[in-house]
Asker: 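Below is a structure I'd like to ask you about.
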Amino acid sequence: MSGVKLVYFNGRGKGELIRLTLTYIGLEFEEFYLTEKSEVEKLRADGHLLFQQVPLLEIDGKRIVQSGAILRYLARRGGIYGDNNDESTRIDELFEGSRDFVGPMFGMVFNPEKEVLKHANEKLLPRYLPAFNKVLEETGSGYLVGKSLTLADLGLIEPLLLFVEYLGDQVLTGYPQLQTFYKNMTSNDKIASFLSGPHRKPKNDQAYIDVVNRVWS
Ligand SMILES: N[C@@H](CCC(=O)N[C@@H](CS)C(=O)NCC(=O)O)C(=O)O
């Protein structure tokens, strides 16, 4: 065991892309699932949660909070954060776009599915699918930045997986670059192993919702 530990819930939320990135860069990790309020209170009392929030990644004797900071740390460590400042900045732009694309879905975890999908269909999909498709068309490499996979690509596959899961792969109809991207990313060995492995969490299941309610109430 590498000693890498992710503290979060047994659900997707802000933990899922960290899990995918850890797997992609080849770092074995264990997970600590919060289930009780007392566990969060203890982490807070011990001063481990700078802003009183999770996810928290423990790695090489460090404790890192803020999902964006964790992901950039892992991306730099795994060599998937661009070769220079311009590339890293472009990765940031696209990565942040991917967070805006998927973020509202996390926030709506307690809403009825019908409402969530209405928001996705009216607001999220029309804005982000054409934009990401265009970027892929421009690079022509199959990746969002440069000629190899970066954090931006991992960021984008998360909402695509979610929306295909909710709405079927016809959600990508009319976006040929995204269709190819989806196919290539999901057949990538490391991503496929994550998707079929123990760290992949189910779509907003009731157990997760119950725990979040209990811990944050
Ligand atoms: N900006 C933070 C937000 C983290 C966040 O909102 N975490 C939630 C769980 S998903 C939390 O800890 N909420 C408790 C609180 O804010 O008091 C990040 O991206 O890590």
Side-chain angles (χ1 to χ4, degrees), residues 4-25 27 29-60 62-78 80-81 88-89 91-111 113 115-116 119-120 124 128 150-163 165-166 194 199-217:
V4 180
K5 184 164 107 179
L6 177 65
V7 179
Y8 197 67
F9 300 99
N10 186 7
R12 290 185 188 172
K14 285 182 177 274
E16 199 71 350
L17 185 56
I18 297 172
R19 299 177 180 113
L20 171 60
T21 305
L22 281 162
T23 308
Y24 185 80
I25 69 171
L27 275 182
F29 63 104
E30 59 176 317
E31 300 204 53
F32 180 82
Y33 300 137
L34 295 167
T35 57
E36 300 304 329
K37 223 173 174 160
S38 56
E39 293 161 343
V40 179
E41 279 161 5
K42 173 144 186 18
L43 284 169
R44 286 175 170 167
D46 290 344
H48 293 167
L49 303 181
L50 181 60
F51 301 112
Q52 321 300 323
Q53 295 174 319
V54 287
L56 162 69
L57 185 74
E58 297 182 2
I59 185 163
D60 295 342
K62 292 182 284 286
R63 289 196 181 88
I64 313 175
V65 291
Q66 287 292 350
S67 55
I70 295 170
L71 285 162
R72 286 179 176 85
Y73 169 82
L74 294 174
R76 279 190 290 269
R77 182 163 166 155
I80 56 166
Y81 198 40
S88 304
T89 304
I91 291 166
D92 279 344
E93 282 187 310
L94 296 160
F95 169 74
E96 293 298 335
S98 78
R99 298 308 80 200
D100 293 345
F101 189 7
V102 75
M105 299 294 283
F106 303 151
M108 295 181 89
V109 66
F110 306 107
N111 296 32
E113 185 154 317
E115 211 176 289
V116 176
H119 183 77
L124 300 174
Y128 294 101
T150 67
L151 178 63
D153 301 300
L154 295 180
L156 175 59
I157 198 60
E158 185 180 32
L160 297 186
L161 283 164
L162 186 74
F163 289 118
E165 196 175 8
Y166 268 110
F194 169 75
H199 291 301
R200 176 64 166 159
K201 305 297 177 255
K203 180 169 80 127
N204 303 335
D205 62 327
Q206 195 54 45
Y208 167 59
I209 293 171
D210 291 346
V211 169
V212 173
N213 272 330
R214 189 162 67 240
V215 168
W216 299 131
S217 63

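Numbering of ligands and ligand atoms starts at 1, following listing order. Everything numeric in this text was worked out from a predicted model, so none of it was measured.
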Asker: Under the side chain to side chain contact (heavy atoms under 4.5 Å, CB included) test, which residues partner N111, sequence neighbours left out?
Answerer: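 For N111, the residues satisfying side chain to side chain contact (heavy atoms under 4.5 Å, CB included) (neighbours in sequence not counted) are M108, E115, V116.
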Asker: Taking any residue with a non-hydrogen atom under 4.0 angstrom from an atom of ligand 1, which ones do you get?
Answerer: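 If the criterion is a heavy atom under 4.0 Å, then ligand 1 touches Y8, K14, R44, Q53, V54, P55, Q66, S67, W216.
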Asker: Holding to side chain to side chain contact (heavy atoms under 4.5 Å, CB included), I want the full list of residues that pass it with S67, two or more places apart in sequence or in another chain.
Answerer: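 Checked S67 against side chain to side chain contact (heavy atoms under 4.5 Å, CB included); matches are K14, I18, P55.
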Asker: Between E16 and R19, is there a side-chain N and carboxylate O pair less than 4.0 Å apart?
Answerer: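 The answer is yes: the pair qualifies as a salt bridge.
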Asker: Kindly write out the residues that satisfy side chain to side chain contact (heavy atoms under 4.5 Å, CB included) with E41, not counting sequence neighbours, or none if the list is empty.
Answerer: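 Applying side chain to side chain contact (heavy atoms under 4.5 Å, CB included) to E41 gives K37.
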Asker: Between E31 and R200 (salt bridge meaning N to carboxylate O under 4.0 Å), is one present in this structure?
Answerer: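 A salt bridge is absent here (no side-chain N lies under 4.0 Å from a carboxylate O).
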Asker: Salt bridge or not for R63 and D46, using N-O below 4.0 Å?
Answerer: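 So R63 does not pair with D46 through a salt bridge.
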